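Below is one structure, written out as structure tokens, with a few remarks after it.
First listed ligand is number 1; within each ligand, the first listed atom is number 1. Just so it is clear, the structure is predicted and the values come from calculations on it, not from any experiment.
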Amino acid sequence: MSLSGLMQSKQLLISGLLTHAATHHGDVELVSQLYGGEVRRSNWRTLAQRAQKLAHVLAGLGVKPGDRVATLAWNTDRHLELYYAVAGMGAVLHTVNPRLFPEQIAYIVDHAADGIVFFDLDFADLLVKLAPQLKTVKRFVALCRPEQLPALDLPHLSAYEALLDAADEDYVWPEFDENTASSMCYTSGTTGNPKGVLYSHRSTVLHSFAACAADGLGLCARDCVLLAVPMFHVNAWGVPYASAMCGAKMVLPGSALSGDKLFAALRDEGCTLSLGVPTVWLGLFQYLDQHPLERDLPKLRLNRVVVGGSAAPRAIIERFEKQLGVFVIQAWGMSETSPLATISNLLPKHEGQPLDERYAVQCRQGRAIYGVEVAVFDAEGRALPHDGQSVGEIRVRGPWVLSAYYGTEPGSALDAQGWLSTGDVAYIDPDGYVQITDRSKDVIKSGGEWISSIDLENVALGHPKVGEAAVIGVAHSKWQERPLLVIVPKPGAELTGAEMLDFMKDRVARWWLPDDVVFVDELPHTATGKLLKTALREQFRNLRLSTDPA
Ligand code: ADP
């Protein structure tokens with residue numbers, strides 16, 4: 001018979017993270033850019049006090065354990081208060097991505113049956129238009145002071161700060177099962193309707209430990225984090241929770257993610273770490289190109305940047321290191337994995353390696369962190385070796401990996417061995433680094449072989465005149481599909497297709513070289529800033545490639 005351990009079975013609850021931060025890191029600052037340009041300086045102690053008041057407000061508005069509370073909000077301390085108050089009282093925070101199409105927002109609010117919507121005033125017009133369709137929503141709260149609240153045609157509308165001012169203090173966070181749901185977000189639904197991912201207190205706290213681990217994101221009390229990933233995008237990659245766990249300072253830039261604003265925040269707040277999708281960093285470097293503020297660079301304390309959400313282009317990795325002395329940590333994951341799953345940190349063998357070889361390691365999506373098992377499988381479901389060349393679909397499993405989508409049976413998203421299919425195609429090298437080569441629906445199938453659209457895009461992005469690049473498969477009478485390269489040149493740059501192909505020809509296998517190059521003013525993106533390849537494929541569906549004999 002097994003013997004039970006005699007350790008305390010304290011439940012892993014999100015309220016515990018906040019209480020810890022308030023007790024041990026109470027004076028550590030939280031700097032927010034609020035609606036209307038106001039900058040507010042709070043700290044973990046004040047945030048905990050206001051979250052307790054907010055929990056009283058929520059209870060007073062009738063929110064019960066398990067109820068869903070929606071936000072359409074930027075990165076601010078008010079949003080952070082909602083993160084902690086809603087989950088802390090046992091309800092579920094549903095962070096709605098305001099960049100989704102209005103019909104998708106209506107769909108997911110209805111699907112989640114959200115009862116209250118907290119929103120930044122930038123989204124007032126959107127909500128007024130949508131309100132008649134939001135049947136489950138009984139109340140709207142604008143994240144502003146009472147004097148900022150305009151007259152809006154929304155039922156039961158209040159100003160956040162007025163509710164907080166009138167609220168009692170000293171809410172006692174309830175103790176409950178750590179498997180209770182805490183927050184949810186919907187996948188952006190590039191195929192079919194968006195699907196709900198429901199996180200738990202336990203999964204969130206365990207994921208925070210991984211973010212703080214040295215070979216995770218290495219978040220610690222000496223960090224000042226600029227959160228350049230929106231809080232409506234997979235819980236801002238878990239950093240709002242992990243920062244409380246370690247007591248890091250946070251800079252919450254509101255909606256200000258343009259290059260100039262990011263640079264000013266990094267410099268003025270002494271940020272050491274930041275996180276964001278590649279597009280955000282391209283914006284930062286575009287700003288630096290136009291404003292070579294060399295004299296300001298030594299003032300930056302920034303030493304690492306986490307890039308994820310889509311593949312980190314080598315050009316970004318190199319520029320961060322060479323221009324700003326910043327190490328880029330690439331992370332891979334998805335809504336279904338909370339999102340951290342693999343992280344591209346270095347091993348002892350990479351110490352002192354020539355830069356070129358090290359950048360190649362950082363271009364990979366990284367190694368599995370403890371807590372997430374990662375493996376690749378072929379089409380017949382056989383596990384493939386980690387030999388750096390066997391390409392298959394990645395599957396994952398672990399305590400912060402989804403088991404079922406919201407509204408379906410627990411375990412229903414998994415195969416018989418408990419693996420979740422990710423839809424990402426990759427190989428794993430002998431050191432355990434994952435290299436994503438595509439999403440399964442984006443891979444280009446040419447004459448029975450696969451061509452990685454991501455590899456081609458990365459090579460194209462290495463050309464100094466290329467602003468953005470996308471590669472899609474276009475029907476070909478002989479080869480089934482062949483790659484088409486679609487390019488947005490940098491502002492003012494003159495570039496030809498021949499010049500582009502000449503640049504790429506020594507950098508990719510000959511048969512991978514795109515058949516044609518087209519230039520466009522802009523590329524379609526998803527609500528989370530990723531290339532929307534379904535729209536691009538649609539746009540070029542009838543294109544006949546110059547190499548097609550038909
Ligand atoms: P959606 O699936 O709707 O785009 P997610 O935000 O969950 O929403 O995106 C997860 C996907 O983003 C992953 O499955 C993968 O294709 C892509 N992705 C995330 N991080 C990386 C990365 N570092 N490199 C390449 N692709 C990435």
Side-chain angles (χ1 to χ4, degrees), residues 95-97 99-101 104 107-108 183-199 207 217 229-238 275-281 305-314 316-317 328-345 361-369 372 374 376 391 393-396 400-402 405-406 413 420-428 433-443 452-458 461 470-471 524-535:
T95 51
V96 179
N97 183 342
R99 296 186 187 133
L100 291 173
F101 294 119
Q104 286 183 322
Y107 172 87
I108 66 174
S183 67
M184 73 191 305
C185 62
Y186 279 71
T187 60
S188 52
T190 39
T191 50
N193 274 328
K195 289 183 280 194
V197 181
L198 191 59
Y199 308 96
H207 183 264
L217 304 183
V229 54
M231 289 170 74
F232 51 77
H233 191 190
V234 207
N235 298 317
W237 302 352
L275 310 93
V277 295
T279 322
V280 162
W281 305 123
V305 158
V306 181
V307 181
S310 38
R314 183 177 167 127
I316 287 187
I317 296 174
V328 169
I329 303 170
Q330 172 153 200
W332 168 81
M334 58 203 308
S335 310
E336 289 86 337
T337 64
S338 295
L340 298 176
T342 67
I343 300 182
S344 206
N345 278 306
V361 176
Q362 287 172 268
C363 281
R364 302 215 155 153
Q365 276 67 30
R367 309 170 78 239
I369 45 178
V372 184
V374 176
V376 279
V391 174
E393 193 197 24
I394 313 186
R395 296 185 192 169
V396 288
W400 58 83
V401 175
L402 167 137
Y405 291 97
Y406 181 60
L420 176 78
S421 292
T422 64
D424 280 337
V425 176
Y427 60 79
I428 302 181
Y433 287 86
V434 168
Q435 174 71 62
I436 306 261
T437 57
D438 241 313
R439 296 191 95 169
S440 45
K441 52 186 185 292
D442 294 338
V443 86
S452 157
S453 63
I454 294 182
D455 276 5
L456 290 176
E457 284 156 12
N458 280 339
L461 280 170
V471 175
H525 290 99
T526 69
T528 50
K530 294 175 202 192
L531 285 172
L532 187 55
K533 293 210 179 157
T534 42

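- Residue Ala331 holds the heavy atom nearest to atom 23 (N) of ligand 1 of all those in Ser440, Ala331, Gly333.
- Of the residues listed (Val443, Asp455, Val471), the one engaging Asp438 in a side-chain contact (heavy atoms from CB on, under 4.5 Å) is Val443, and it is the only one.
- Under the ring pair (Phe, Tyr, Trp, His ring centres under 6.0 Å) criterion, Tyr405 pairs with no residue at all, not counting sequence neighbours.
- Considering both main-chain and side-chain atoms, Thr187 never comes within under 3.5 Å of ligand 1 through any nitrogen or oxygen pair.
- Side chain of Ser440 to backbone of Gly423: a donor-acceptor contact under 3.5 angstrom is found.
- The structure places NE2 of His207 at 6.5 Å from CD1 of Ile369, a figure rounded to the nearest 0.5 Å.
- At a 4.0 Å cut-off, not a single heavy atom of Pro339 sits close enough to ligand 1 to count as contact.
- Distances from ligand 1 to the non-hydrogen atoms of Ala312 include no value under 4.0 Å.
- Gly423 does not count as a contact of ligand 1, since none of its heavy atoms falls under 4.0 Å from the ligand.
- No side-chain heavy atom of Thr422 sits under 4.5 Å from any side-chain heavy atom of Glu336.
- At a 3.5 angstrom cut-off on N or O pairs, Gly308 does not count as close to ligand 1.
- At least one side-chain heavy atom of Ile394 sits under 4.5 Å from a side-chain heavy atom of Val434.
- When Gly309, Ser344, Ala311 are checked for heavy-atom proximity to atom 20 (N) of ligand 1, Gly309 turns out nearest.
- Every side chain to side chain donor-acceptor pair (under 3.5 Å) that Arg395 has, sequence neighbours left out, goes to Asp415.
- Under a 4.0 Å criterion applied to the non-hydrogen atoms of Gln330, ligand 1 contributes the atoms 22 (C), 23 (N), 24 (N).
- By the 3.5 Å distance cut-off applied to N or O atoms, Ile454 is not counted among the residues near ligand 1.
- At a heavy-atom cutoff of 4.0 Å, ligand 1 is contacted by the backbone of Ser310 but not by its side chain.
- Gln365 contributes a side-chain N or O that, together with a main-chain N or O of Ile436, makes up a donor-acceptor pair within less than 3.5 Å.
- At a 3.5 angstrom cut-off on N or O pairs, Lys530 counts as close to ligand 1.
- For Gln365, every heavy-atom contact with ligand 1 shorter than 4.0 Å involves the side chain, none the backbone.
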